[in-house]
Amino acid sequence: MPINDRFYIKDLATDKIRFTTAGKKEFTSRFARAGIDIRTIDTEEVFKRAKIATHHILVEDMFKEVEGNDILTKALEPLKKILPIWDWRYPTE
């Protein structure tokens, strides 16, 4: 019996996931910008690690959106210090 999520479907027999159309739309570009091929993400754990490893991309995108607004840029500045650029590695298990 599969578990359905907005972004993926999980096969309970194998613990493998596959992305829905919404999941591909949401994450393909973000992961690719960090060098992660969404087609290689096949478990919830790997998906979680990929999301964590790409948080800095979300921050970069926020900065681009508020570019020119000094108040918002200053408000977001602390995020640069707390979200490091991750050295992404897939688990070897």
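Small disclaimer: the values here were computed from a predicted structure and weren't measured. Only this structure's heavy atoms are used, side chains among them; waters, hydrogens and symmetry mates stay out.
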Heavy-atom donor-acceptor pair, R30 side chain to K51 backbone, under 3.5 Å | yes
Rounded to the nearest 0.5 Å, what's the gap from OH on Y8 to CD1 on I38? Could you check?
-> 12.5 Å
Please test D15 against T43 for side-chain contact (heavy atoms from CB on, under 4.5 Å), starting from the C-alpha separation and ending with a verdict.
-> CA-CA 6 Å; D15 283 335; T43 66; 5.6 Å; no
Please table the atom pairs, donor to acceptor, closer than 3.5 Å between any side-chain atom in residues 19-27 and protein atoms at least two apart or in another chain.
residue, atom, partner, partner atom, Å
T20, OG1, R6, O, 2.7
T20, OG1, F7, O, 3.3
T20, OG1, A22, N, 3.4
T20, OG1, G23, N, 3.1

Taking C-beta and beyond as the side chain, do I52 and K48 meet within less than 4.5 Å on heavy atoms?
-> yes
Apply the test side-chain contact (heavy atoms from CB on, under 4.5 Å) to residues I36 and I41: give CA-CA distance (whole Å), side-chain angles for both, the deciding distance (0.1 Å), then the verdict.
-> CA-CA 9 Å; I36 301 168; I41 298 171; 3.9 Å; yes
Atom pair CG (D42) and OG1 (T14), whose distance is rounded to the nearest 0.5 Å | 9.0 Å
Can you run down the salt bridge (Lys or Arg N to Asp or Glu O under 4.0 Å) pairs that involve residues 61-76, sequence neighbours left out, and say none if there aren't any?
-> R33-D61
Using modelled atom types only, decide if a donor and an acceptor are shared between the side chain of T54 and the backbone of I57 within a distance under 3.5 Å.
-> no
Would you call D11 and K16 a salt bridge, taking side-chain N to carboxylate O under 4.0 Å as the test?
-> no
How long is the gap from CZ on F63 to OG1 on T73, to the nearest 0.5 Å?
-> 6.5 Å
When rounded to the nearest 0.5 angstrom, what is the spacing between OG1 in T28 and CZ in R39?
-> 9.5 Å
